[in-house]
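This report concerns only the one structure given below.
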Protein chains: 2
Amino acid sequence: MRLTRDRVLAVALDVLDDAGLDRLTMRRLSAALGVETGATYWHFRSKQELLEHMADALLADVAIGLPDDRPWDELVPTLARRLRRALLSRRDGARLFSGRFFPLPNALAYGEALAGQLARAGLDPRSAAWAGDTLTYYVVAHVTEEQLTTALPDGGEAARARLDAGLDPQWHPHLVAARSDLAAADPDEHFEHGLALVLAGIRETARQQPTRRAAR
Amino acid sequence: MRLTRDRVLAVALDVLDDAGLDRLTMRRLSAALGVETGATYWHFRSKQELLEHMADALLADVAIGLPDDRPWDELVPTLARRLRRALLSRRDGARLFSGRFFPLPNALAYGEALAGQLARAGLDPRSAAWAGDTLTYYVVAHVTEEQLTTALPDGGEAARARLDAGLDPQWHPHLVAARSDLAAADPDEHFEHGLALVLAGIRETARQQPTRRAAR
DNA sequence: ACCTGAACACCGTTCAAGT
DNA sequence: ACCTGAACACCGTTCAAGT
């Protein structure tokens with residue numbers, strides 16, 4: 001079957017899913033596509049470019065079909081949860097996303113939707129963009145850690161044991177007190193806790209905006 | 001000169017600084033140390049283990065000498081700013097840190113200090129640990145992006161041009177409105193904005209805690 | 001236009017053998 | 001105990017040559 005950009009992308013995401021980001025190589029991908037290694041480079045100039053488009057492909061549905069009759073403080077968490085789901089949809093999805101700058105269509109649509117909702121909250125353009133960044137940073141970093149521990153072969157058991165070995169009740173009383181809530185405790189709960197925290201911060205920031213407008 | 005763990009670590013951080021994380025290889029490091037490639041493996045079992053200790057070395061000073069006569073809402077931002085400075089101290093410091101789980105001494109000391117201050121804010125152990133995670137996620141993800149654009153050869157000029165090329169006033173009105181504040185605008189201001197937002201969220205979370213205590 | 005085949009310049013890791 | 005030298009099994013990328 002002849003190669004297309006879309007097919008390379010689709011197979012690359014499958015390879016990511018069952019090999020992981022570190023073992024996703026141009027050679028392995030080409031083998032999965034049934035072509036020689038060089039062939040892939042006709043469709044993507046570099047591995048970097050391929051990874052960016054893979055990351056953007058993950059975001060395909062995050063910003064579409066967002067209801068427009070709901071308040072901003074419902075839609076902002078919705079966007080955050082959708083981003084988390086998108087990153088969780090493939091192995092190492094968050095690591096694929098982070099440390100990469102790709103102003104591609106789906107990423108821009110997500111950023112725009114988020115900034116739009118934050119503008120409805122009464123934030124000026126700069127605050128809206130920056131508050132959006134803060135929220136996105138939170139989601140990406142959370143899922144990065146989530147996939148680091150949860151998606152491990154042993155479900156994070158070794159990581160938890162390593163943490164316990166490092167903790168000393170004498171020196172780390174507060175961490176020991178929270179021991180069961182550390183390193184791969186219930187990820188949904190953990191996520192929602194931080195999301196609520198960031199949202200509370202956004203609400204507070206909106207309250208302090210001088211040019212506050214009513215939600216439309 | 002004979003190798004020691006500490007010398008390997010120190011030289012590794014120097015190689016990181018002038019080669020970057022992607023070009024920090026065991027072979028290049030060994031060359032900088034003046035030994036054969038295999039020698040380094042006698043001191044660190046794997047590159048992974050070396051990277052973890054490098055990351056922890058970055059955090060050497062973040063948690064020490066913290067004044068204990070200041071309110072929590074001054075010390076928490078202080079810890080966040082110190083973490084940012086530590087990550088900024090070496091090229092790709094944030095990327096070195098992120099996507100890695102290392103319960104090593106300095107990382108634990110940082111986590112403990114943060115959880116301790118958040119407990120003073122009136123948060124229960126779990127909330128303290130999780131709010132600390134949220135703040136740390138923010139700092140690491142922010143600096144990751146900061147080092148991605150700022151530390152570029154052209155100071156992020158190409159990145160900004162690429163963003164402009166992707167932005168369409170029709171589809172991205174809110175992003176266009178914030179254009180000058182996107183992608184490597186003043187990183188200090190950007191950081192403080194998000195930090196204030198997260199701190200406001202923490203304050204709000206503390207207010208809602210049922211078992212709220214006065215700061216000691 | 002699209003792909004093969006082969007090469008170039010690298011990687012992380014292991015390990016017998018030396019000192 | 002600590003390091004060398006060499007090997008193993010890989011990498012990303014390029015490019016003349018084919019179709």
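A note on names: the letters A, B, ... follow the listed sequences, proteins ahead of strands, and every chain is numbered from 1. Note: hydrogens, waters and symmetry copies are ignored here, and every other heavy atom, side chains too, is used.
- Separation of the C1' atoms belonging to C/dC8 and D/dC10 is 15 Å when rounded to the nearest angstrom.
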_As a check on the pairing definition, encode DNA chain C in dot-bracket form, counting Watson-Crick and G-U wobble pairs whose two distances are under 3.5 Å, and using | for partners outside this strand._
||.|||||...|||||.||
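- Residues from residues 38-45 of chain B placing a heavy atom under 4.0 Å of any atom in DNA chain C, listed by number, are B/G38, B/Y41.
- Using modelled atom types, no side-chain atom of A/W130 and backbone atom of B/E189 make a donor-acceptor pair closer than 3.5 Å.
- Proximity of a side-chain donor or acceptor of B/D124 to a complementary backbone N or O of B/S127 within less than 3.5 Å is detected.
- Across all strands, A/T37 comes closer than 4.0 Å to base atoms (heavy-atom distances).
- Within the structure, side-chain hydrogen bond (donor to acceptor under 3.5 Å, both in side chains) contacts touching residues 25-36 of chain A (residues at least two apart or in different chains) are A/S30-A/T40.
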Please output the side-chain donor-acceptor pairs of residues 97-112 of chain A that fall under 3.5 Å, not counting sequence neighbours, one pair per line with the distance.
from   : atom 1 : to     : atom 2 : distance (Å)
A/R100 : NE     : A/L96  : O      : 2.6
A/N106 : ND2    : A/D56  : O      : 2.9
A/N106 : ND2    : A/D56  : OD2    : 3.4
A/Y110 : OH     : A/T136 : OG1    : 2.8
A/E112 : OE1    : B/H174 : N      : 3.2
A/E112 : OE1    : B/L175 : N      : 3.0
A/E112 : OE2    : B/H174 : N      : 3.1
A/E112 : OE2    : B/H174 : ND1    : 2.8

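- A distance of about 23 Å separates the P atoms of C/dA9 and D/dA9, rounded to the whole Å.
- The salt bridge (charged side-chain N to carboxylate O under 4.0 Å, His left out) check on B/D168 picks up nothing, with sequence neighbours excluded.
- Under the salt bridge (charged side-chain N to carboxylate O under 4.0 Å, His left out) criterion, A/D18 pairs with no residue, sequence neighbours left out.
- Partners of B/E145 under the side chain to side chain donor-acceptor pair (under 3.5 Å) rule, at least two apart in sequence or in another chain, do not exist in this structure.
- Judged purely by distance below 3.5 Å, without hydrogens or angles, the side chains of B/H193 and A/R126 never pair a donor atom with an acceptor atom.
- Among residues two or more places apart in sequence or in another chain, the side chain to side chain contact (heavy atoms under 4.5 Å, CB included) test is passed with A/T134 by B/Y138, B/L197, B/V198.
- Among all heavy-atom pairs drawn from A/S89 and A/A86, the shortest one is OG-O, 2.6 Å.
- Proximity of a side-chain donor or acceptor of A/R82 to a complementary backbone N or O of A/I64 within less than 3.5 Å is detected.
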Expected rows: protein N/O vs nucleotides 16-19 of chain D N/O, under 3.5 Å:
none

Please write out each protein N/O paired with an N/O of nucleotides 8-11 of chain C under 3.5 Å, distance rounded to 0.1 Å.
from   : atom 1 : to    : atom 2 : distance (Å)
C/dC11 : OP1    : B/T25 : OG1    : 3.3

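- Between the side chain of B/D17 and the backbone N or O of B/R90, no donor-acceptor pair lies under 3.5 Å.
- Among pairs with a residue in residues 7-43 of chain A, none fulfils ring pair (Phe, Tyr, Trp, His ring centres under 6.0 Å), at least two apart in sequence or across chains.
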_The test is side chain to side chain contact (heavy atoms under 4.5 Å, CB included); show your working for B/W72 and B/I202 and say whether it passes._
CA-CA 11 Å; B/W72 71 268; B/I202 292 175; 3.8 Å; yes
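- Regarding A/D22, its CG atom lies at a distance of 15 Å from the C1' atom of D/dG12, rounded to whole Å.
- For CD of A/E74, the number of neighbouring non-hydrogen atoms (other residues, nucleotides, ligands) closer than 6.0 Å is greater than 12.
- Taken residue by residue, residues 2-18 of chain B places heavy atoms nearer than 4.0 Å to DNA chain D at B/R2, B/L3.
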